[in-house]
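A short worksheet on the structure shown next.
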There are 2 protein chains.
Amino acid sequence: MFCVSLIPIRSGTPFGSGQERSDAARNRELLLCAARELIDECGVDGLTMDKLAERAGVGKGTVFRRFGSRAGLMMTLLSAAEAEFQSRFMFGPPPLGPGAPPLERLIAFGAGRIGYVLEYGDLARAADHSPYNRFEVPAAVLWHRHIEHLLRAAGFDADPWLMAVSLSATLDPERLLHAVRVHGVSPGRLEESWRQLVTRVVGPAE
Amino acid sequence: MFCVSLIPIRSGTPFGSGQERSDAARNRELLLCAARELIDECGVDGLTMDKLAERAGVGKGTVFRRFGSRAGLMMTLLSAAEAEFQSRFMFGPPPLGPGAPPLERLIAFGAGRIGYVLEYGDLARAADHSPYNRFEVPAAVLWHRHIEHLLRAAGFDADPWLMAVSLSATLDPERLLHAVRVHGVSPGRLEESWRQLVTRVVGPAE
DNA sequence: ATAATATCCGGACCGTAGTCCGTTTAGTAT
DNA sequence: ATACTAAACGGACTACGGTCCGGATATTAT
């Protein structure tokens, strides 16, 4: 029924064409390593592409050739965590993975996502900052499809696609971080509110 | 019970301190006029602060002194429409204004906001692009409080504040515009999905 | 009219993301 | 080994948002 191309996360090569040249691979590692160092030292927002290039000892052009944009770099840095989260909600044990009732999977998905955002918050936000098409990034498309699928499975028949958009909006990193950091909302409170939301949405027919 | 300072929209003066000097007022008008021209010619995204300054015949510093930032300029350009929308949902006729049952007011609020976003979309998006605190802008705070208030009035007792955050996220200009422009979703479909959402959220206790 | 002062003005300047293109180099075929 | 080519490299360059501060100007008090 759903046949997704598994974990379509960018790994640093602009397009998946043939093998990467050895110097390119070496520079990619240098850059990722330097990026992690810089983030440790200056925070995500303190990482600039110039500093990164200098730290890695490569030209600026090389940085953009490898990652396309700052957002692309951030996505690459997130890819391991992202892949792990994806495999958990697609293939892992219930209630997040298959096997549990759809509503429980939805609730667990929100909780998982909230935890993910709280852990990798700034990175996720920076990765989202792709001026356009931030909703078309493979990971975002996959989450959306997952939510839509669970809505359907739970018997929600009224425009599950659009409702999945709304529910995704609730889990947007920028808003979650804002609630937590500026308003001191606890993770538990976020999870409970999400549970209320999806329970009521899925629950009764009109 | 709710005592909001009515329509706290910025009008172009950095802070509401005493009178504006006459040359400042003149330049503000020149700038707003030039901004509208440029938007007509190049679209919202084509308006740059340099072009604006040149077109208005003032220095760049003046632009930032008047509006603080690009986002601030966009907010000023929106302020008339914003004030009109605010007064409609706060004081206008039902179902948007007071008098109708809370759920109907919520539904009408979403519809109104969707219409607003579709009309002033790019402007609203550009106004939101304030790198941080985009949720603390007076207008956003007012919408949020309004939704929260309607939730409470409709008997929603489980964390109305946070639920209002989620519902606001659904009405985010960036997402709405994306749905409409990239995926061809019709306004009517947006309104119907919003209706479903708030009806179910407000509807039954758990 | 004159002086005093708070406000405003202009545009050079800065940091940053992203582009461009002439040069270098890794891989490959001979 | 040598020549060839596609890929990668580097860093100067552009565009843009935003800041700064010495100089100009409107306003008010005298």
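By convention in this document, chain letters (A, B, ...) are assigned in the order of the sequence lines, proteins followed by strands, and residues within each chain are numbered from 1.
Residues A:E191 and A:R195 are not paired through a salt bridge, judged by the lack of any N-O separation under 4.0 Å between the basic side chain and the carboxylate. In summary, A:R55 and A:E41 engage in a salt bridge, as defined by a charged side-chain N under 4.0 Å from a carboxylate O. The residues B:D122 and B:R125 are annotated as salt-bridged, a charged nitrogen and a carboxylate oxygen being separated by less than 4.0 angstrom.
Residue A:V58 places its side chain closer to D:dG10 than to any other of C:dT16, D:dC9, D:dG10. Considering only the side chain of A:M49, C:dA17 comes nearest among D:dG18, C:dA17, D:dA8. Set against D:dG18, C:dA26, D:dA26, the side chain of B:F64 has D:dG18 as its closest nucleotide. Listed candidates were C:dG18, C:dC8, D:dG18. Nearest to the side chain of A:R70 is C:dG18.
OP1 or OP2 of C:dC8 has not a single side-chain nitrogen or oxygen of B:N27 nearer than 4.0 Å. Phosphate proximity of D:dG18 to B:R65: absent, as no side-chain N or O sits under 4.0 Å from OP1 or OP2. Applying the 4.0 Å criterion to OP1 and OP2 of D:dA26, one finds that B:S22 has every side-chain N and O outside that range.
Within the nucleic acid shown, B:R21 comes within 4.0 Å of at least one base atom, counting heavy atoms only.
Whole-Å rounding puts the B:D45 CG to D:dA15 C1' distance at 15 Å. Between the CD atom of A:Q19 and the P atom of C:dT28 there is a distance of 10 Å, given to the nearest Å. With rounding to whole Å, A:D23 atom CG is found 5 Å from D:dC9 atom P. For B:L73 and D:dC16, the CG to C1' distance is 15 Å, given to the nearest whole Å. Distance, A:R66 CZ to D:dG10 P: 11 Å, rounded to whole Å. Between B:E54 atom CD and C:dA12 atom P the separation is 13 Å, expressed in whole Å. If you measure from atom NZ of B:K51 to atom P of D:dT14, you get 17 Å, rounded to the nearest angstrom. At whole-Å resolution of the value, CZ in B:R28 and C1' in C:dC9 are 16 Å apart.
Judged by distance alone, with hydrogens and angles left aside, A:K60 brings no side-chain donor or acceptor close enough to the base of D:dA12 to form a pair under 3.5 Å.
Of the candidates A:V63, A:L32, A:L123, A:L32 is the only one forming a side chain to side chain contact (heavy atoms under 4.5 Å, CB included) with A:L73.
In this structure, A:W194 contributes its side chain and A:F109 its backbone to no donor-acceptor pair below 3.5 Å.
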